[in-house]
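Below, chains carry the letters A, B, ... as their sequence lines are ordered, and counting in each starts from 1.
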Amino acid sequence: MAIQAVRGMKDLLPPEAPKWRFIEATAREAFAAFGFSEIRVPILERTELFARSIGEETDIVSKEMYTFEDRSGDSLTMRPEATAGVARAFLEHKLHATPGPHKLFTIGPMFRHERPQKGRLRQFHQLDCEVLDDAGPQSDAELLVLADHLLKVLGVAKVQIVLNSLGCPECRPSFKQALLSYFQDKQGRLCDDCNKRLANNPLRVLDCKQEDCKEIAAGAPLISASWCPDCSEHFDQVKRLLGLAGVSYALDPKLVRGLDYYTRTAFELKTGELGAQDAVGGGGRYDGLIQALGGPATPAIGFALGIERLALLIEDRPEWQSGPALFIAALGEEPRAWAFGAACALRKKGLWVEMSASDVSLKAQMRRANKMNAAQVLIVGGEELKAGAAPLKDMASGDQTDLPLDEIVTRLAAAGA
RNA sequence: GUGGCUAUAGCUCAGUUUGGUUAGAGCGCCAGGUUGUGGCCCUGGAGGCCGAGGGUUCAAGUCCCUCUAGCCACCCCA
């Protein structure tokens, strides 16, 4: 059997590339406007980094990572998300010693060994933003305004911001306790998964999809009742600032996040268009992460958007299909030689110029020019070469006018530039 | 990782139930219909070890097994 791509890894073919370039370019513009600087970090990190930051008990670390030993026996992992690497770089280069807050973005591939589905690949790509060293609600709101703005300029409608606060190390334990005591006498009616969740991460029971569990969870205590005054105030401020910025959102007291390091503000960008893979992005505050990695206490917040999932929600646009400014249809050996020279001269001026690769009929060349969506076609045969002028055809209108050949480079370069 | 569905031309899919001579369609591609003029239309052509491997049978695209990949749901998550 012919060699094929590794499972869950996809080629991006030329027709799809313009959409990706549009997404990335639009994101870079938005990130720049909001004051984010680019950081590029390696795809490989020591396994320990993810184990410590994401949490040993999470599915990501326990069963979804691409982990292997390199030739010197070190355990390395292909990053399953961007935050850990950015946090590591932040510490390693002591960016905390320079004035913050540090607003960083990075774009690139992530890897998770999951069963692939549409919109869920083993190599997938994210747009990622992090604000390090700022605890204030303004950063939370800024990030959400940025995400909301980016979705709008990308033309992605039908995405809703779903918002919650997960509390902090001060108040979350009491909420967990309240949950545990609520579920205590109902364990028998919960599904097997939920019984495991009860032990590992009780918050997860809240968003189980089993009907029975949903019913039971409906009566569970809400985290909002457990927020400490600081968390409550912080969340109020975030909501107030979102209101000022005109960003709409939905509150979901049952929204939880899978990664251990999240605190306070947590959010997802959800759509109904992608089936079960309903999140195009998500993020939240992770005030404890940097310290957990051995750094100084550094509050931070970040979010990531999945490029594949965004791409599924964006229609192709006609302007991405633009063709060459000029196609030279040359007939015969000498005209082709002349056309090659003219095409190269025009290309060096920055114009997209094409000609047929082989000496085929004019009809075939015209067809090809049309397929390529060429704006104009210059038709050059032996006679034109002798006469020093050739018909230039405008493909949209069909009009043809003669153009002196010795002026072609200057005339077209001036007109096309 | 678990369960289900699927795999036939470059693409989207018929044909599989009831095994039987050269495996089809639409779109796309190439050519012709004009000695050198695109799109629309007409005509013709190229292109398939029917996902891979094994088995049953006189005979397998069609039935059975294994593998691989895709899709859907779960787990989890962007």
Side-chain angles (χ1 to χ4, degrees), chain A residues 1-10 13 15 54-55 57-65 80-83 107-128 147 159 191-194 196-197 200-201 204 207-210 256-259 267-271 274-283 302-313 323 327 329-332 335 358-384 390-400:
Chain A
M1 187 161 49
I3 295 177
Q4 49 188 198
V6 173
R7 184 175 206 194
M9 316 245 161
K10 252 179 82 175
L13 299 174
I54 297 171
E57 301 306 314
T58 59
D59 277 24
I60 292 179
V61 170
S62 61
K63 59 183 208 197
E64 289 170 8
M65 294 201 307
E81 49 96 48
T83 303
I107 299 176
M110 310 293 158
F111 303 84
R112 279 182 209 174
H113 197 277
E114 297 183 284
R115 190 109 158 217
Q117 250 170 270
K118 190 194 288 291
R120 170 206 255 183
L121 297 166
R122 289 186 171 183
Q123 176 177 338
F124 57 103
H125 299 78
Q126 290 187 334
L127 308 166
D128 182 272
V159 173
C191 68
D192 292 349
D193 283 326
C194 278
K196 278 181 218 149
R197 291 180 182 121
N200 299 333
N201 192 352
R204 279 245 157 256
D207 65 354
C208 181
K209 282 163 189 155
Q210 300 281 325
V256 296
R257 308 244 70 214
L259 311 187
F267 56 91
E268 270 177 22
L269 308 165
K270 286 192 177 182
T271 176
L274 298 179
Q277 308 307 316
D278 63 349
V280 289
F303 82 98
L305 290 166
I307 298 182
E308 281 83 359
R309 291 184 184 178
L310 287 172
L312 288 170
L313 297 175
F327 187 99
L331 302 157
S358 58
D359 194 6
V360 296
S361 72
L362 177 59
K363 183 176 189 150
Q365 297 192 53
M366 290 301 291
R367 248 203 303 264
R368 180 160 170 72
N370 186 55
K371 288 266 158 51
M372 297 180 88
N373 208 7
Q376 293 184 299
V377 177
L378 185 75
I379 300 164
V380 188
E383 282 176 39
E384 285 79 8
L392 181 68
K393 180 167 186 167
D394 182 288
M395 292 298 275
S397 66
D399 296 341
Q400 259 175 232

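- Atom CE of residue A:M65 and atom NE2 of residue A:H113 lie 12.5 Å apart, to the nearest 0.5 angstrom.
- B:G47 and B:G24 have their P atoms separated by 14 Å, with the value rounded to a whole Å.
- A:I379 contributes atom CD1, which lies 9.0 Å from atom CG of A:L392 (distance to the nearest 0.5 angstrom).
- Within residues 370-383 of chain A, the residues approaching RNA chain B are A:N370, A:K371, A:I379, A:E383, by heavy-atom distance under 4.0 Å.
- Here the closest non-hydrogen pair linking A:F124 and A:P80 is CZ-O, 3.7 Å.
- Residues passing the salt bridge (Lys or Arg N to Asp or Glu O under 4.0 Å) test with A:R120, sequence neighbours excluded: A:E114.
- A:K393 contributes a side-chain N or O that forms a donor-acceptor pair with the base of B:G38 under 3.5 Å.
- Rounding to whole angstrom units, CD of residue A:Q365 and P of B:C29 are separated by 17 Å.
- The backbone N or O of A:H125 lies less than 3.5 Å from a partner atom in the side chain of A:E308, making a donor-acceptor pair.
- Between the side chain of A:K10 and the base of B:G70, no donor-acceptor pair under 3.5 Å is found.
- Rounded to whole angstrom, the span from the NZ atom of A:K63 across to the P atom of B:U2 amounts to 10 Å.
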Between the protein and nucleotides 48-50 of chain B, which nitrogen or oxygen pairs come in under 3.5 angstrom?
none

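- Following rounding to the nearest Å, A:R112 (CZ) and B:C76 (C1') show an atom-to-atom distance of 8 Å.
- Within 3.5 Å, a donor on the side chain of A:R115 pairs with an acceptor on the base of B:G3, or the reverse.
- The backbone N or O of A:A330 lies less than 3.5 Å from a partner atom in the side chain of A:Q365, making a donor-acceptor pair.
- Here the P atom of nucleotide B:G36 and the CZ atom of A:R367 are 13 Å apart, to the nearest Å.
- When the P atom is used for both B:G15 and B:C63, the distance is 12 Å, rounded to whole Å.
- A:E384 contributes a side-chain N or O that forms a donor-acceptor pair with the base of B:G36 under 3.5 Å.
- The interatomic distance linking A:Q117 (CD) with B:C75 (P) rounds to 11 Å, in whole Å.
- Residues from residues 118-126 of chain A lying near RNA chain B, meaning a heavy-atom separation below 4.0 Å, are A:K118, A:G119, A:R120, A:L121, A:F124, A:Q126 in numerical order.
- Separation of the P atoms belonging to B:U37 and B:G26 is 29 Å when rounded to the nearest angstrom.
- Rounded to a whole angstrom, the distance from the P atom of B:C77 to that of B:U18 is 46 Å.
- A:A374 and A:F327 make their closest contact through CB-CB, 3.9 Å (heavy atoms, listed as atom of the first residue, atom of the second, distance).
- Of the listed nucleotides (B:G36, B:A73, B:G39), B:G36 has the atom at the smallest distance from the side chain of A:L331.
- Across all non-hydrogen atoms, the minimal contact from A:L331 to A:V360 is CD2-O, 4.2 Å.
- When the P atom is compared between B:A23 and B:C49, the two are found 13 Å apart, to the nearest whole Å.
- For A:K118, there are no salt bridge (Lys or Arg N to Asp or Glu O under 4.0 Å) partners two or more places apart in sequence or in a different chain.
- Remark: the A:Q400 side chain and the B:U37 base include a donor-acceptor N/O pair separated by less than 3.5 Å.
- A straight line from CD of A:E64 to C1' of B:A78 spans 12 Å, rounded to a whole angstrom.
- Within the 4.0 angstrom heavy-atom criterion, only backbone atoms of the sugar-phosphate kind lie near A:A279; the bases stay farther away.
- Between A:E64 atom CD and A:R122 atom CZ the span is 10.0 Å, to the nearest 0.5 Å.
- Using atom P as the reference point in both B:C30 and B:A73, the two lie 39 Å apart (nearest Å).
- Of all nucleotides listed (B:U37, B:C77, B:C72), B:C77 comes nearest to the side chain of A:R309.
- Each of A:E308 and A:H113 lies near RNA chain B, and the nucleotide nearest A:H113 is the one positioned closer to the 5' end.
- Between A:M9 and A:P116, every side-chain heavy-atom pair lies at or beyond the 4.5 Å cut-off.
- Taking every heavy atom of both residues into account, A:P335 and A:V380 meet most closely at CB-O, 3.5 Å.
- B:U34 and B:C50 have their P atoms separated by 41 Å, given to the nearest Å.
- Between the CD atom of A:Q123 and the CZ atom of A:R7 there is a distance of 16.0 Å, given to the nearest 0.5 Å.
- Along RNA chain B, the nucleotide nearest A:S361 and the nucleotide nearest A:L274 are compared for position; the residue whose nucleotide lies closer to the 5' end is A:S361.
- Nucleotide B:A78 holds its P atom 11 Å from the NZ atom of A:K270, rounded to whole Å.
- Within the 4.0 Å cut-off from OP1 or OP2 of B:A78, not a single side-chain nitrogen or oxygen of A:Q277 is found.
- Taking atom C1' in both B:A52 and B:C58, one finds a spacing of 26 Å when rounded to whole Å.
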Its dot-bracket string being built from Watson-Crick and G-U pairs below 3.5 Å, with | for another strand and [ ] for crossing, RNA chain B has the pattern (((((((..((((......[...)))).(((((.......))))).....(((((..]....))))))))))))....

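- Taking atom CZ of A:F327 as the reference point, atom C1' of B:G38 lies 11 Å away to the nearest angstrom.
- A:G332 comes within 4.0 angstrom of no nucleic acid atom, judged by non-hydrogen atoms across all strands.
- Remark: the backbone N or O of A:A279 is paired with a side-chain donor or acceptor of A:R309 at under 3.5 angstrom.
- No contact: A:G283 has no heavy atom under 4.0 Å from any strand.
- Of the inter-residue distances, the one linking A:L312 atom CG with A:I307 atom CD1 reads 12.0 Å to the nearest 0.5 angstrom.
- For A:Q4, taking side-chain heavy atoms from C-beta onward, the closest of the listed nucleotides B:A69, B:G38, B:G70 is B:A69.
- Here the CG atom belonging to A:L121 is positioned 11.0 Å from the CZ atom belonging to A:F111, to the nearest 0.5 angstrom.
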